[in-house]
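Everything on this sheet refers to the single structure shown next.
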Amino acid sequence: QVQLVESGGGEVQAGGSLTLSCAASGGTFSDYGMGWFRQAPGKGREFVAGISWRETHTQYADFVLGRFTISRDNTKNTVCLRMNSLTLEDTALYYCAAEYFGIGSTVEFRYDSWGQGTQVTVSS
């Protein structure tokens with residue numbers, strides 16, 4: 001299974017932007033669909049964005065509203081999440097996950113590997 005390490009989290013003011021990265025190792029990265037999920041304090045983990053293993057398909061949670069963009073670079077074994085127009089409600093621990101030959105599904109159980117998460121805090 002692929003191992004995943006997220007980075008790029010931090011504190012940002014409302015309206016600002018962040019780019020999260022997830023580095024994969026130990027597997028054939030291009031064989032995996034990739035997803036980003038998040039978990040806010042006191043809430044369950046929720047889907048944010050996903051990209052298929054062939055890069056032909058992306059999908060986003062409704063709350064993204066065009067603010068986030070998921071992308072991948074198979075030459076660097078990385079997947080990124082560019083987040084713009086951040087709001088207080090985007091404060092959460094963000095996880096990346098890998099789905100073997102997947103489409104970047106919205107459901108957690110389809111994913112085979114998870115990172116440890118990177119914290120995003122949006123302040124007013």
Side-chain angles (χ1 to χ4, degrees):
Q1 284 186 343
V2 66
Q3 288 80 51
L4 305 171
V5 178
E6 302 95 335
S7 61
E11 184 169 353
V12 63
Q13 287 193 325
S17 299
L18 276 177
T19 298
L20 306 183
S21 297
C22 175
S25 62
T28 304
F29 179 69
S30 58
D31 288 345
Y32 288 85
M34 300 299 296
W36 285 97
F37 289 74
R38 71 183 188 183
Q39 186 167 19
K43 296 186 177 180
R45 191 155 57 184
E46 63 181 350
F47 172 78
V48 178
I51 186 167
S52 63
W53 66 285
R54 288 187 173 181
E55 302 181 65
T56 56
H57 177 70
T58 60
Q59 54 184 336
Y60 296 91
D62 289 343
F63 63 76
V64 168
L65 297 173
R67 300 179 298 133
F68 298 176
T69 302
I70 188 171
S71 61
R72 65 188 297 160
D73 185 340
N74 288 345
T75 66
K76 297 181 179 179
N77 291 354
T78 58
V79 60
C80 292
L81 184 69
R82 174 67 177 178
M83 304 186 294
N84 296 323
S85 303
L86 287 162
T87 71
L88 300 181
E89 289 69 34
D90 295 317
T91 294
L93 186 61
Y94 283 72
Y95 299 89
C96 76
E99 178 191 14
Y100 193 55
F101 286 118
I103 63 169
S105 300
T106 63
V107 291
E108 292 186 44
F109 75 84
R110 294 193 180 274
Y111 288 85
D112 306 288
S113 301
W114 293 81
Q116 294 299 306
T118 185
Q119 178 67 39
V120 172
T121 302
V122 184
S123 59
S124 59

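Atoms considered below: every heavy atom in the structure, side chains included; atoms not considered: hydrogens, waters and symmetry mates. From a predicted model like this one, the values you see are computed outputs, not experimental measurements.
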>> For Arg45, give me all partners under side-chain hydrogen bond (donor to acceptor under 3.5 Å, both in side chains), at least two apart in sequence or on another chain.
In response: Glu108

>> I'd like to know if Phe101 and Tyr111 are part of one continuous hydrophobic network [Ile/Leu/Val/Met/Phe/Trp/Tyr, side-chain heavy atoms within less than 4.5 Å].
In response: no

> Minimum heavy-atom separation for Ala49 to Tyr60, with atom names?
Replying inline: CB-CD2, 3.5 Å

> Are any of the side-chain heavy atoms of Gln39 and Tyr95 separated by less than 4.5 Å?
Replying inline: yes

>> Go through it in stages, so that I can follow the logic: the residues are Ser7 and Thr118, the test is side chain to side chain contact (heavy atoms under 4.5 Å, CB included), and I'd like the CA-CA distance, side-chain angles, deciding distance and then a yes or no.
In response: CA-CA 6 Å; Ser7 61; Thr118 185; 5.6 Å; no

>> Please give me the minimum heavy-atom distance between Gln59 and Thr106, naming the atom from each residue.
In response: OE1-CG2, 3.6 Å

> What heavy-atom pair brings Ser105 and Glu99 nearest, and what distance separates the two atoms?
Replying inline: OG-OE2, 2.5 Å

>> How long is the straight-line distance from CZ of Arg38 back to CD of Glu89, given to the nearest 0.5 Å?
In response: 8.5 Å

Kindly list each side-chain donor-acceptor pair under 3.5 angstrom involving residues 20-28, sequence neighbours excluded, with atom names and distances?
none

>> side chain to side chain contact (heavy atoms under 4.5 Å, CB included), that's the test. Do Met83 and Val12 meet it? Break it down for me.
In response: CA-CA 11 Å; Met83 304 186 294; Val12 63; over 6 Å; no

> For the atom pair CD (Gln13) and CG (Leu88), what is the distance rounded to the nearest 0.5 Å?
Replying inline: 10.5 Å

> What do the steps show when you test Val122 against Val120 for side chain to side chain contact (heavy atoms under 4.5 Å, CB included), and what is the final call?
Replying inline: CA-CA 7 Å; Val122 184; Val120 172; 4.2 Å; yes

> To the nearest 0.5 Å, how far apart are CG in Asp112 and OH in Tyr100?
Replying inline: 9.0 Å

> Between CG of Asp31 and CH2 of Trp53, what distance do you get to the nearest 0.5 Å?
Replying inline: 6.5 Å

> Atom OG in Ser123, atom CG in Leu86: separation rounded to 0.5 Å?
Replying inline: 10.5 Å

> What residues form a side-chain hydrogen bond (donor to acceptor under 3.5 Å, both in side chains) with Thr58, not counting sequence neighbours?
Replying inline: none

>> Which residues pass the ring pair (Phe, Tyr, Trp, His ring centres under 6.0 Å) test with Phe47, not counting sequence neighbours?
In response: Phe37

> Going through the distances and angles, do Arg54 and Ile103 end up as a side chain to side chain contact (heavy atoms under 4.5 Å, CB included)?
Replying inline: CA-CA 8 Å; Arg54 288 187 173 181; Ile103 63 169; over 6 Å; no

For residues 62-77, which side-chain N or O atoms pair as donor and acceptor with protein atoms under 3.5 Å away, sequence neighbours left out?
from	atom 1	to	atom 2	distance (Å)
Arg67	NE	Val64	O	3.0
Arg67	NH1	Ser85	O	3.0
Arg67	NH1	Asp90	OD2	2.6
Arg67	NH2	Phe63	O	3.2
Arg67	NH2	Asp90	OD1	3.1
Arg72	NE	Asn74	OD1	2.8
Arg72	NH1	Tyr32	O	2.7
Arg72	NH1	Ser52	O	3.0
Arg72	NH2	Phe29	O	2.9
Arg72	NH2	Tyr32	O	2.9
Arg72	NH2	Asn74	OD1	3.2
Asp73	OD1	Thr75	N	2.9
Asp73	OD1	Thr75	OG1	2.4
Asp73	OD1	Lys76	N	3.4
Asn74	ND2	Glu55	OE2	3.3

> Pairs in or reaching into residues 23-63: which pass disulfide bond (SG atoms under 2.5 Å apart), with residues at least two apart or in two chains?
Replying inline: none

